[in-house]
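Residue numbering restarts at 1 for every chain, and letters A, B, ... go by the order of the sequence lines. Note that this is a predicted model, so its numbers are computed, not measured.
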Amino acid sequence: MSDNAAAPAPEVEKKPSPPPELKRSWGDEAEEEDDKLPPPPSPIGEGPSKSEVSELDIETLKIDESKKKVNEFLEEPEDSTIEAVTTGETPYTSAATFEELNLSPELLKGLYVEMKFEKPSKIQAISLPMILTPPYKDLIAQAHNGSGKTTCFVLGMLSRVDPLIKAPQALCICPTRELSIQNIEVLEKMGKYTGITFECAVPVDSGSEKFNRNPVFAQVVIGTPGTIKRWMSQRKLSVQEMKVLVFDEADHMLAKDGFQDDSLRIIRDIRKAQRNAQVLLFSATFDENVKNFVSKVVHDYNQLFVKKEELSLESVKQYKVFCPDEQIKIRVIGERILELGEKLGQIIIFVNSKKSASMLHTALVELGYEVTTIHGALNHEDRDKIVKEFKDNLTKVLISTDVLARGFDQQRVNLVINFDLPIKYDNTEQPPGRRVPREPHFEVYLHRIGRAGRFGRKGAVFNLIMTETDRVLMEKIERYFDSPVTEVPSWKSEEDFAVALKSAGLL
DNA sequence: AAAAAAT
């Protein structure tokens with residue numbers, strides 16, 4: 001099951017010595033540490049960029065006097081990107097240090113020693129008091145990609161668990177098995193000294209999952225909707241002691257074309273047993289529709305939002321390349337980008353369909369490039385293996401469907417390629433026969449490019465534009481985020497790509 | 001028409 005080896009809580013150690021300067025180049029790191037992740041660039045949570053760190057000085061949150069009031073965050077003006085709305089009488093004070101949060105010494109040790117955190121990142125400073133202060137209100141929290149959302153809710157879950165109660169008390173639901181596993185790994189690390197038990201609720205391939213699995217005693221459960229629902233309906237997962245329910249990628253989990261039905265059902269069942277269970281919704285994106293809907297799902301809630309124009313597009317340099325046909329798109333990837341080989345970090349190439357993934361995989365392999373591919377039609381074992389190889393830096397180029405668009409965290413990825421632009425398919429309620437012009441999927445676009453430039457590192461995206469439709473989609477994306485995408489003048493020019501990557505800080 | 005999860 002999990003980490004039960006509760007070491008007798010040693011003294012919480014003093015903060016670790018200041019982190020190494022992060023001036024070394026990406027390539028250097030990759031060569032030196034084939035096996036390990038490079039050290040995080042900053043000790044601040046999953047922290048903001050370095051520049052942000054130095055000026056980060058979180059002030060007291062305003063106490064809301066009336067029913068519902070908007071607190072513009074009292075950061076330096078240029079830094080005031082997070083807007084908080086609180087309800088009720090509870091005053092919240094932004095946490096400048098982890099000590100202020102009344103965490104257990106064991107949990108603090110995990111933060112300092114295992115996670116190498118020094119003080120809360122901005123989103124953590126603001127959201128953690130809201131999560132941890134009674135009465136435990138629901139929360140809708142939006143924050144930038146790679147800004148430390150995961151650590152927020154993992155820390156939230158760990159600190160709300162009563163170590164003495166050996167039953168599930170916190171549940172986190174994620175859209176994919178990959179994200180569930182990743183989140184479990186964070187929880188394991190952060191909670192290492194707490195002795196809090198956990199289990200990952202994702203489907204397993206073969207017969208290893210017996211007909212009659214044992215009831216879950218783990219205190220924290222993280223997994224995908226189907227498996228969690230099954231465990232609940234089979235009475236293997238008790239919700240009697242449930243205190244916290246987290247939805248990672250909450251906008252997708254509650255979207256009609258996402259996991260809305262499953263999610264609502266799980267919320268309902270938990271609330272039936274525990275009326276006051278706290279519901280936490282986290283995502284980098286909440287479009288207006290979803291925002292409206294989710295506000296009906298949560299009860300008395302606080303919220304944190306970021307303007308879409310300010311959502312993480314700064315650290316990732318965006319490019320578009322016009323390619324006459326599909327063959328050229330493939331050649332651009334091979335001859336213009338993958339040729340640069342060792343000079344680049346890891347790369348994810350996003351496609352819109354499994355078919356597209358297989359096609360591209362075959363084509364690139366035929367051209368002699370080493371790539372691996374992941375999508376939902378592979379068996380679970382293979383998926384896990386491909387992700388593990390990529391995370392261990394054993395493979396450099398990963399072709400993926402949107403299964404990895406959200407949340408996937410691999411710090412060495414600094415380049416994303418959109419072989420296909422993300423499209424919305426849910427043009428629902430159209431009169432028959434009427435074709436609606438294709439819309440880009442803005443949220444997916446943002447999530448995809450958020451795979452590069454994690455933690456304020458440099459990153460770039462190449463959007464391969466082939467048809468007139470692509471061109472229009474690209475324009476809409478630029479307009480939506482109010483962020484121009486630089487054109488690579490000619491797909492034929494190696495120089496043009498080198499210039500682009502240099503300017504993005506990757507070469 | 002897509003993807004994902006799972007039945």
Subject >> Rounded interatomic separation in angstrom, taking CG from Leu378(A) and C1' from dA4(B) >> reply: 13 Å
**OP:** Using ring-ring contact (aromatic ring centres under 6.0 Å, His included) as the criterion, point out the one residue from Tyr319(A), Trp491(A), Phe462(A) that pairs with Phe497(A).
**Re:** Phe462(A)
**OP:** Classify the nucleic acid contact of Arg383(A) as base, sugar-phosphate or nothing, counting any heavy atom under 4.0 Å across all strands shown.
**Re:** sugar-phosphate
Original post:
Can Lys329(A) be said to sit on top of Phe419(A)'s aromatic six-ring, NZ or CZ under 6.0 Å from centre and within 45° of the ring axis?
Top reply: yes
**OP:** Starting at atom CZ of Arg406(A), determine the distance to atom P of dA5(B), rounded to an integer number of angstrom.
**Re:** 14 Å
Original post:
Is the phosphate of dA6(B), meaning OP1 or OP2, less than 4.0 Å from a side-chain N or O of Thr227(A)?
Top reply: yes
Original post:
Rounded to whole angstrom units, what separation is found between the CG atom of Asp262(A) and the C1' atom of dT7(B)?
Top reply: 11 Å
**OP:** Using atom CD1 of Ile173(A) as one end and atom P of dA6(B) as the other, report the distance to the nearest whole Å.
**Re:** 11 Å
**OP:** Report which part of the nucleic acid His252(A) touches: base, sugar-phosphate, or nothing (heavy-atom distance under 4.0 Å, all strands).
**Re:** base
Original post:
How do His380(A) and Lys354(A) order along DNA chain B: which one's closest nucleotide is nearer the 5' end?
Top reply: Lys354(A)
Original post:
When rounded to the nearest 0.5 angstrom, what is the spacing between CG in Asp402(A) and CG in Asn352(A)?
Top reply: 6.5 Å
**OP:** Output yes when at least one side-chain N/O atom of Thr401(A) is less than 4.0 Å from OP1 or OP2 of dA4(B), else no.
**Re:** yes
**OP:** Could you check whether Asp402(A) gets within reach of a base, just the sugar-phosphate, or nothing at all, counting any heavy atom under 4.0 Å?
**Re:** nothing
Original post:
For Glu439(A) and dA1(B), what is the distance between atoms CD and P respectively, to the nearest whole Å?
Top reply: 20 Å
Subject >> Distance, rounded to the nearest Å, where Tyr425(A) contributes OH and dA3(B) contributes C1' >> reply: 10 Å
**OP:** For the side chain of Arg230(A), starting at C-beta, report the closest nucleotide among dA5(B), dT7(B), dA2(B).
**Re:** dT7(B)
Original post:
Which ring-ring contact (aromatic ring centres under 6.0 Å, His included) pairs, counting each pair once, include a residue from residues 259-283 of chain A, with sequence neighbours left out?
Top reply: Phe153(A)-Phe282(A), His252(A)-Phe259(A)
Original post:
Rounding to a whole Å, what distance do you find between Arg177(A):CZ and dA3(B):C1'?
Top reply: 16 Å
Subject >> Leu264(A) CG - dA5(B) C1' separation (whole Å) >> reply: 16 Å
Original post:
For the side chain of His375(A), counting heavy atoms from C-beta on, which of dA2(B), dA6(B), dA4(B) is nearest?
Top reply: dA4(B)
**OP:** To the nearest 0.5 angstrom, please state how far the OG atom of Ser400(A) sits from the NE2 atom of His375(A).
**Re:** 9.5 Å
